[in-house]
Every structure is written in C-alpha cells, then in structure tokens.
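So the structure is just underneath, and the comments pick up after that.
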There are 2 protein chains.
Amino acid sequence: MTIKDLAAKTGYAVGTVSRVLNNHPNVSEKARAAILAAVEESGFQLNQNAKQLKQSHATSILVILKGSGNILFAEMLEVIQTSLHGTRYPLHVDYLHGADNEVRRARQLIREKNALGVIFLGGNLENFQSDFADLGVPAVLVTNSAESLGFDNLSSVYIDDHAAARQAVEALIAMGHKNFAVIGGHRLYSDISRMRWEGVVEAMTAAGLTIDPELDYATVYFSPDGGYQGTMELLQRDRHFTALFTMSDLMAIGAFRALEDHNLEVPGDVSVIGYDNLSVGEFLIPRLTSVDQPTEAMARRSLQLLLDAIENGATAKHEAVPFTLVFRESTGKVKE
Amino acid sequence: MTIKDLAAKTGYAVGTVSRVLNNHPNVSEKARAAILAAVEESGFQLNQNAKQLKQSHATSILVILKGSGNILFAEMLEVIQTSLHGTRYPLHVDYLHGADNEVRRARQLIREKNALGVIFLGGNLENFQSDFADLGVPAVLVTNSAESLGFDNLSSVYIDDHAAARQAVEALIAMGHKNFAVIGGHRLYSDISRMRWEGVVEAMTAAGLTIDPELDYATVYFSPDGGYQGTMELLQRDRHFTALFTMSDLMAIGAFRALEDHNLEVPGDVSVIGYDNLSVGEFLIPRLTSVDQPTEAMARRSLQLLLDAIENGATAKHEAVPFTLVFRESTGKVKE
DNA sequence: GCATATTTTGGAAACGATTCCAATTTCCTT
DNA sequence: AAGGAAATTGGAATCGTTTCCAAAATATGC
C-alpha cells in the first residue's frame with residue numbers, strides 16, 4: 001500500500017494525498033476527509049525511507065550509550081524516548097562497548113541515520129577532545145561537563161561531581177571521620193572518577209586532613225564485584241579507615257559484602273557512601289547513603305538543549321543540574 | 001557526497017560504484033581499488049534511506065522491550081546488538097511503557113522501519129493471543145513460551161518457569177520448610193508470574209503440603225519497593241512462614257528489608273529465594289539464593305531462531321534453555 | 001454574468017541508491 | 001589474427017515520497 005494506491009483508491013492525485021498526510025493547508029475538507037478515511041481503512045503506513053530520502057534534510061535524533069548495563073542511562077533513555085514519541089523526530093539508539101570511541105561512531109551514525117543531533121549518555125572528555133573536529137550537528141554530553149572543551153555545538157548536562165563528592169566528604173568529616181578510603185574508576189580514563197576524587201581530596205584538605213596514600217585509592221569497575229574487589233584490596237593494606245567513599249551504589253553493595261567478610265560493621269566500624277541513589281539503596285541493610293543523580297531532570301534537560309540547538313540554533317550550554325545528598329543509615333558518627 | 005559524485009570523481013559509472021560498495025563479483029581490481037580509495041578519501045557514507053527504499057525488501061531487525069528498567073533485558077539487548085554489528089541487519093530498538101500493547105506497536109514499527117523480524121523482550125501471551133492476526137514477519141518472544149499459541153511464525157525462548165519454581169520449592173521442602181509465602185506479579189496479567197506460582201503450588205501439593213491462602217500471595221511490582229510492600233503485607237497477615245519465594249532478585253532485596261524491619265533473620269527465621277540471579281545477589285547480606293536466567297544464552301538463541309526463520313524460512317520453534325538454581329546463604333534448613 | 005483573484009488539484013521531477021540489460025572490453029582458443 | 005565467450009562497464013528504470021509549477025475549479029467584486 002503506497003501513496004499511489006491511496007490516490008487511485010480515492011480518485012485524487014498523489015500530490016493531494018501527500019498534502020493531506022502532511023497537514024498542508026490548501027486542501028479541501030472533502031478531499032482531506034476522503035483520504036483520511038482511506039488511510040484509516042487500509043492501515044496505510046508511510047514509507048519512512050522514501051520520505052526521508054526526499055526531504056534529504058535530516059530528521060532523526062541519535063542517542064549513544066556507553067555500555068548498556070548502566071541503569072541510570074537506561075532510565076534517561078526511557079525519558080528521552082518517551083518525550084520524543086509522537087514528535088517528528090525518530091530516535092536511533094546505539095550502544096558502545098568497551099573501548100569503542102563514541103565520537104568516531106557518532107560521526108558514522110550521523111551520516112548513516114541522517115541525524116539532526118546526538119545525545120551522548122556517558123563518554124569521556126578525552127575522546128571528545130582528541131577526535132572532535134566537528135560533528136556537524138549539535139550534541140549534548142550527559143554526565144560530564146564539556147565546558148572546558150569550548151566546542152560551540154557541544155552542550156553538556158551533568159551534576160557537579162566535584163561539589164557532590166566534596167559535600168559528601170564534608171558531611172562525613174562533620175561526623176568525626178578523619179580516615180577515608182576511596183574506590184572508583186580509573187582517574188585517567190574516567191573523568192567523573194577524577195572529579196569525584198578531587199572533590200574528596202579538596203574537602204579533606206580544607207579540613208586539614210590528608211588522605212593516606214595507601215587508602216587512596218582502589219581502581220575498579222562500577223559494579224558490585226568491582227566494589228567488592230576494591231574494598232578487599234584496601235582492607236588488605238591494613239590501614240585504619242572509618243569512611244569509605246564509593247563511586248556508585250553498585251560498588252557500595254560490593255563494599256558492604258567485603259566489610260561483612262572482615263567482620264566490620266556499617267556504619268559502626270566503617271561509614272559507606274555510594275553514588276547514584278539507585279532505588280535499591282533505600283532497601284539495603286543498612287540503607288545506603290548516596291549522592292542522588294536526578295536522572296529524569298538530566299534527561300529532560302539534555303533533550304531540551306539539543307532541540308533548542310536544532311530548532312533555534314541555540315549555542316552550546318553547560319548545565320549543572322542540582323544534586324542532593326541522601327543520608328541514610330550507612331553513614332554515621334565515628335565511634336569514639 | 002553521493003554515489004554519483006563518486007562516479008564523477010573516479011570516472012566510473014554509478015552502477016560500478018554501487019557494485020564495488022556491495023562487493024559484487026564482476027568488477028575489475030582496478031576499478032575496485034580506485035573507487036575504494038575515493039570512498040576512503042571522501043569519507044563517503046551510503047544513504048541508507050535510498051538504499052532501503054530501493055531494495056524495497058526489508059532489511060532491519062526490530063527489538064521491542066517491555067520497559068527499559070529491566071536489567072536482564074538490557075543485557076540481552078546488548079548481546080543482540082553486538083551480534084548484529086557488522087552484519088547486514090540494522091537494528092531498531094523500541095521501548096514499551098506500561099500498558100502499551102506490544103503487538104500493535106510491533107505492527108506499526110515493522111512497516112515503519114521496514115523490519116524483517118522482531119524479537120520481543122518481555123511481553124504477555126495474552127496480547128499476542130488476542131491481537132496477533134499475523135505480524136507478517138517472523139518473531140521471537142523471549143521469556144515466555146508461546147508454544148500454546150501455535151502461531152507458525154512466532155518462536156519463543158524461555159526458561160521453564162514452572163519447573164524452576166517447582167525445583168526451587170522442592171529444595172526448600174527438602175530443607176524442612178512447610179510454610180511458604182509467595183510474592184510476585186499479577187497472575188492474570190503476567191504469565192511468568194502465573195507459571196512460577198503454579199510451580200510453587202505443584203511442588204507443595206506433591207509433598208502433601210497446602211499453601212496457606214493468607215500467604216498466597218502478594219501482588220506487587222518487580223522492584224525492591226514491590227518486594228518490600230509485598231513482604232510487609234504478608235507479615236501483617238500474621239501467619240507463620242519460614243520460606244519466602246519472590247519472583248525477582250530486586251523483590252528479594254525489598255523482602256530482606258521488610259524482614260529486617262520485623263526483626264526476622266534470613267535465613268534463620270525465613271529463607272528467601274529470588275529469581276533472575278542478578279550479579280548483585282552474590283554480594284548481598286546474606287548472599288541471595290536465586291534462579292539463574294542465562295541471559296546471554298537466551299539472547300543468542302533468540303537471535304539465531306529469528307535469523308534462521310528470516311534467512312531459511314525455518315518454522316517457529318519453542319526452546320526452553322536450561323536454568324540453574326544457585327543456592328547461597330539466604331536459604332537454609334528450617335529451625336527446629 | 002464576466003473578469004479576476006484565490007483555492008484546490010494534477011502530475012512531473014527529484015532525492016540517492018540498486019539492478020537489469022545492453023554495450024563494450026578483455027581473454028581464450030584455434 | 002580472427003572469432004566467440006566471458007568479464008566488465010555504462011546508463012536507464014525504479015523504489016515511495018515530497019514539492020513545485022501549471023492547470024482547473026471555485027470564490028469574489030463589480
């Protein structure tokens with residue numbers, strides 16, 4: 001069933017059918033009604049390939065996720081997907097694995113899928129820096145600030161990781177903690193890991209504390225297993241610490257386990273703070289203190305920035321959305 | 001940069017360029033080399049819209065996920081995505097929300113995206129039964145057996161939920177448990193919930209046990225919060241039970257919390273068994289006993305079935321992939 | 001009712017690829 | 001070296017839309 005068939009069926013010309021389908025003015029009520037009825041009856045669906053070929057200008061939006069296991073990104077994707085539903089922007093999603101370079105892939109997909117813009121869910125500044133000559137379309141990097149890059153069509157939406165980590169550690173210091181241990185991603189390859197770590201160090205320095213080099217820090221994956229391994233490693237170094245900063249809630253779950261295996265109590269012996277505020281944190285034993293990433297707000301904002309750039313040519317913006325610290329049971333005053 | 005430009009640039013005709021691009025035989029090495037070089041140099045990318053329009057036969061594969069929060073499905077999607085990479089099948093992913101009807105949506109997307117086949121990650125038999133006149137393309141339903149439907153282009157890949165639940169409960173009975181409580185999804189709307197529940201009842205009946213109607217069962221969402229609410233509700237009914245069967249690990253986490261809030265120990269007072277065997281289960285305190293769903297195997301198998309149907313016209317198959325029960329610390333002998 | 005302005009309609013060209021047929025070139029064979 | 005078979009190439013037709021221009025129909029003003 002093509003537009004031509006519809007034309008034949010209704011006695012109108014293809015041009016008229018097309019106009020009806022695209023809500024052009026200048027088509028009589030009679031024709032519109034007749035054609036719409038025929039569409040309804042035949043279950044006609046436009047061939048998007050033909051449409052997009054003709055209006056050679058791009059129409060779709062691309063979302064590129066780093067890894068598919070990340071629940072936060074999955075949630076953001078869902079928000080984006082839902083928001084785009086029923087708009088004139090088809091959505092293409094692509095997942096990057098391991099060491100794939102997001103920028104290079106983006107470039108390929110932009111041409112291939114004829115994209116108007118890209119949202120990167122995850123991704124490292126480094127790759128953008130070295131490979132980002134020009135994507136040719138507006139882009140938004142989520143979860144990382146791209147302000148330092150100064151590209152004028154790359155926006156970013158993020159929480160201020162630096163401040164979040166600092167405030168979290170400040171709160172722990174206020175509870176009497178002096179000895180901190182940290183586990184997170186590789187600071188060289190993961191920008192968010194580096195920023196969070198800097199926040200930790202900054203808070204400690206401001207309080208006149210220094211971080212024991214032996215406890216600073218364990219590099220692991222953002223997973224329960226990573227958290228477990230990292231905590232075990234720190235524990236084996238046999239230095240006293242009363243507070244453990246982990247860079248994700250999933251890591252924190254692994255950390256809980258490792259501490260338990262060493263007969264250490266949370267928060268009695270060690271306070272643990274996570275990051276992300278996954279819904280599961282509220283139900284853990286003990287309930288997990290965490291840095292809340294407002295996924296829905298971040299997703300909405302990133303899409304707004306992108307559409308604004310696409311539709312109105314807005315220039316790149318860099319927005320830190322507000323985060324909150326959620327204090328629960330896994331952190332507490334240090335034992336005397 | 002179009003194929004025509006390439007032709008002009010290299011002095012060959014568009015037909016020849018197209019043949020090179022598609023690895024047709026019958027093109028001289030000289031031409032191939034020259035054209036490939038020009039492609040390389042110009043960064044030419046094929047316009048997929050034009051390509052797919054012309055080869056009006058469909059080319060892409062569609063994956064439809066029920067909800068985006070499900071980690072198992074996300075993992076399966078990643079496997080499928082990776083497997084399809086570099087093949088001639090572009091992949092389209094769509095997420096369904098809440099009460100969306102997967103079959104109706106599939107039908108629309110198949111036309112729109114020109115799909116050769118569909119994989120449904122999640123989805124209820126009921127919808128297929130009532131709405132599935134004919135999708136027109138092969139499809140695979142994952143996580144549910146569609147055998148009973150008898151459609152000859154709808155395959156399915158699943159674990160035998162019935163048997164898994166039964167075996168799990170048998171094992172618990174062998175540990176001395178007699179009083180079971182169950183929480184899961186709505187048995188009317190969620191096929192897997194019904195099947196798992198039937199497995200539980202069957203095991204109990206076979207052992208001469210009956211399930212206390214008051215403990216059978218709480219209907220909740222497959223989330224930590226659902227597990228928490230459901231367990232609280234059962235606890236409030238004030239009937240003794242020593243084993244709790246939850247239909248997902250996430251639920252089990254919520255159950256842990258609810259039991260803790262009632263000062264009940266796991267497994268001392270109540271044994272808890274989850275479902276899915278998420279990676280997080282191994283690190284919980286106590287480590288969670290669970291039914292393992294082999295996500296990678298299921299994903300691979302579903303794709304194979306689909307491609308086999310697409311490429312070789314294979315008829316629908318219904319495959320139960322082997323599951324395993326993973327016994328950890330959250331289940332134990334019943335206290336005397 | 002007639003000339004003119006306006007709205008509606010028909011139909012051809014174009015988007016960028018594939019594919020088929022015919023034309024050309026190359027390669028064998030004798 | 002000539003003839004025919006095989007390999008390679010050129011170029012037109014085509015996919016299903018949109019969009020533009022011209023033609024037809026309708027509305028408006030006097």
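Letters A, B, ... mirror the listed sequences (proteins, then strands); counts begin at 1. This is a predicted model, so every value here is computed, not measured. What's counted below: heavy atoms across the whole structure, side chains too, no hydrogens, waters or symmetry copies.
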message: Whether the side chain of K54(A) and the base of dT18(D) hold a donor-acceptor pair under 3.5 Å is what I'd like checked.
response: yes

query: Can you tell me how far P of dT17(D) sits from CE of M1(A), to the nearest Å?
result: 10 Å

message: Any side-chain N or O of S28(A) below 4.0 angstrom from OP1/OP2 of dT9(C)?
response: yes

task: Check whether any side-chain nitrogen or oxygen of N22(B) sits under 4.0 Å from OP1 or OP2 of dT18(C), and answer yes or no.
output: yes

field: Phosphate-side-chain proximity, K4(B) and dG16(C), N/O vs OP1/OP2 below 4.0 Å
entry: no

field: Atom-to-atom span, CD1 of I3(B) to C1' of dT19(C) - whole angstrom
entry: 11 Å

Separation of dT18(D) P from Q48(A) CD (nearest whole Å): 9 Å

task: Report yes if a side-chain nitrogen or oxygen of T16(B) is closer than 4.0 Å to either non-bridging phosphate oxygen (OP1 or OP2) of dT9(D); otherwise report no.
output: no

task: Would you indicate, yes or no, if dG16(C) has its OP1 or OP2 atom less than 4.0 angstrom from a side-chain nitrogen or oxygen of T2(B)?
output: no

message: What contact category does L21(B) fall into here, base, sugar-phosphate, or nothing, at under 4.0 angstrom with non-hydrogen atoms?
response: nothing

message: Closer than 3.5 angstrom, by distance alone: can the side chain of S156(A) be matched with the main-chain N or O of S145(A) as a donor-acceptor pair?
response: no

message: Is N26(A) close enough to dT7(C) that one of its side-chain N or O atoms is under 4.0 Å from OP1 or OP2 there?
response: no

message: Tell me if the centroids of the rings in F128(B) and F151(B) come within less than 6.0 Å of each other.
response: no

field: Set of residues satisfying salt bridge (Lys or Arg N to Asp or Glu O under 4.0 Å) with respect to E319(B), sequence neighbours excluded
entry: R301(B)

- request: Send over the distance from Y12(B) OH to dG11(D) P, rounded to a whole Å.
  value: 14 Å

query: For R19(A) and dT9(C), what is the distance between atoms CZ and C1' respectively, to the nearest whole Å?
result: 6 Å

task: Pick base, sugar-phosphate or nothing for A7(A), based on heavy-atom distances below 4.0 Å to the nucleic acid.
output: nothing

query: Taking CD1 from I35(B) and P from dT8(D), how many angstroms apart are they, rounded to a whole number?
result: 13 Å

message: Just to verify, which of E102(A), R104(A), R105(A) counts as forming a side chain to side chain donor-acceptor pair (under 3.5 Å) with N127(A)?
response: E102(A)

message: To the closest 0.5 Å, what do you measure between CG (L149(A)) and NE2 (H318(A))?
response: 8.0 Å

- request: Mind calculating the distance between NZ (K30(A)) and P (dT9(C)) to the nearest angstrom?
  value: 8 Å

- line: H24(B) atom NE2 is separated from dT9(D) atom C1', nearest whole Å, by 14 Å

- request: Looking only at side-chain atoms of A13(A), point me to the closest of dA12(D), dG16(C), dG10(C).
  value: dG10(C)

